[in-house]
Amino acid sequence: EDQVTQSPEALRLQEGESSSLNCSYTVSGLRGLFWYRQDPGKGPEFLFTLYSAGEEKEKERLKATLTKKESFLHITAPKPEDSATYLCAVQAWSNDYKLSFGAGTTVTVRA
Amino acid sequence: GAVVSQHPSWVICKSGTSVKIECRSLDFQATTMFWYRQFPKQSLMLMATSNEGSKATYEQGVEKDKFLINHASLTLSTLTVTSAHPEDSSFYICSARDRFQGSYEQYFGPGTRLTVT
């Protein structure tokens with residue numbers, strides 16, 4: 001069974017204080033690892049897809065990296081508008097496009 | 001691009017009644033859509049996979065007779081919660097995968113908040 005563990009559960013940052021979120025995963029045959037952002041009361045917003053170890057993707061202040069066992073989401077010089085819950089999900093080749101989600105990391109950025 | 005809508009955004013119904021939630025892909029075709037539910041401060045739990053023109057596949061523990069899913073076209077899937085009870089109150093979110101896109105990400109709708117009184 002696919003497993004996704006995210007840490008920390010919550011992260012409080014000062015504006016401009018860079019940090020990283022961790023996503024550890026166990027999956028038999030990774031098709032892709034996905035990062036989403038979710039604001040309260042809304043559906044998840046797609047951020048990145050990573051397919052193979054060593055791959056990196058960037059979008060504004062966010063950078064996602066992937067190894068064979070975990071993924072990191074780096075937030076550089078965060079702003080209050082980066083406050084959200086960040087969800088990590090994996091998809092296995094054998095799993096018919098299903099996503100298995102982690103519990104998420106709730107990031108709060110104070111001005 | 002890749003916009004998914006849901007209707008309604010919130011609904012309140014009485015115990016014992018049924019409620020239908022629509023999920024539409026607005027600018028792409030989706031042979032596969034997914035339905036999730038999310039309880040407060042918890043992550044998304046997959047309920048079922050909806051394939052256009054065929055029966056939905058339900059996850060273990062999800063009652064197929066209670067949560068009826070229909071995927072009648074490449075842009076529309078519906079979830080009907082039958083004989084709703086207060087414990088069915090939750091945030092229901094759908095997602096869709098673009099059939100012509102080479103990547104595998106799912107795009108999510110804004111969610112529907114269901115409250116059963």
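Letters A, B, ... mirror the listed sequences (proteins, then strands); counts begin at 1.
- Interface remark: B:L44 contributes backbone and side-chain atoms alike to the contact with chain A (heavy atom separation under 4.5 Å).
- The 12-atom threshold is exceeded at NE2 of B:H85, counting heavy atoms of other residues, nucleotides or ligands nearer than 6.0 Å.
- No donor-acceptor pair closer than 3.5 Å links the side chain of A:T49 to the backbone N or O of B:E105.
- By the neighbour-count criterion of 12 heavy atoms within 6.0 Å, atom CD of A:E9 is sparsely surrounded, having that number or fewer from other residues, nucleotides or ligands.
- Of the listed residues (B:M45, B:E59, B:K41), the one with the most heavy-atom contacts under 4.5 Å to chain A is B:E59.
- Environment of CD in A:Q3: sparse, with no more than 12 heavy atoms of neighbouring residues, nucleotides or ligands closer than 6.0 Å.
- A single hydrophobic cluster is seen to contain both A:V107 and A:F48, as judged by linkage of ILVMFWY side chains at heavy-atom distances under 4.5 Å, directly or through other members.
- For the 3.5 Å distance criterion, the side chains of B:Q38 and A:Q38 qualify, holding a donor opposite an acceptor.
- Residue contact with chain A, scored on non-hydrogen atoms closer than 4.5 Å, involves the backbone and the side chain of B:Y104 alike.
- There is no path of hydrophobic side-chain contacts, each under 4.5 Å, that joins B:Y107 to A:L47.
- With a 4.5 angstrom heavy-atom cutoff, A:Y36 touches chain B only via side-chain atoms.
- Within a 6.0 Å sphere centred on CD of B:E87, other residues, nucleotides and ligands contribute more than 12 heavy atoms.
- A chain of hydrophobic side-chain contacts below 4.5 Å, direct or via other Ile, Leu, Val, Met, Phe, Trp or Tyr residues, connects A:W93 to B:L46.
- In this structure, A:F101 and B:S43 approach most closely via the heavy-atom pair CB-OG, 3.4 Å.
- Of the two parts of A:L87, only the side chain, counted from C-beta on, holds a non-hydrogen atom closer than 4.5 Å to a non-hydrogen atom of chain B.
- For the atom pair B:Y36 OH and A:L99 CG, the distance stands at 4.0 Å (nearest 0.5 Å).
- By the criterion of side-chain heavy atoms lying less than 4.5 angstrom apart, applied directly or through intervening Ile, Leu, Val, Met, Phe, Trp or Tyr residues, A:V27 is not grouped with B:F34; the two fall into different hydrophobic clusters.
- From B:I93, atom CD1 reaches atom NZ of A:K42 across 12.5 Å, with rounding to the nearest 0.5 Å.
- In this structure, A:K98 NZ and B:Q106 CD are separated by 11.0 Å, a value rounded to the nearest 0.5 Å.
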Run the side chain to side chain contact (heavy atoms under 4.5 Å, CB included) check on A:Y97 and B:T49 step by step: do they pass? CA-CA 9 Å; A:Y97 304 113; B:T49 303; over 6 Å; no
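- B:Q6 places no side-chain N or O within 3.5 Å of a backbone atom of A:G43 that could act as its donor or acceptor partner.
- Between atom CZ of residue B:F108 and atom CD of residue A:E45 there is a gap of 12.0 Å, rounded to the nearest 0.5 Å.
- No more than 12 heavy atoms of other residues, nucleotides or ligands sit less than 6.0 Å from atom NZ of B:K20.
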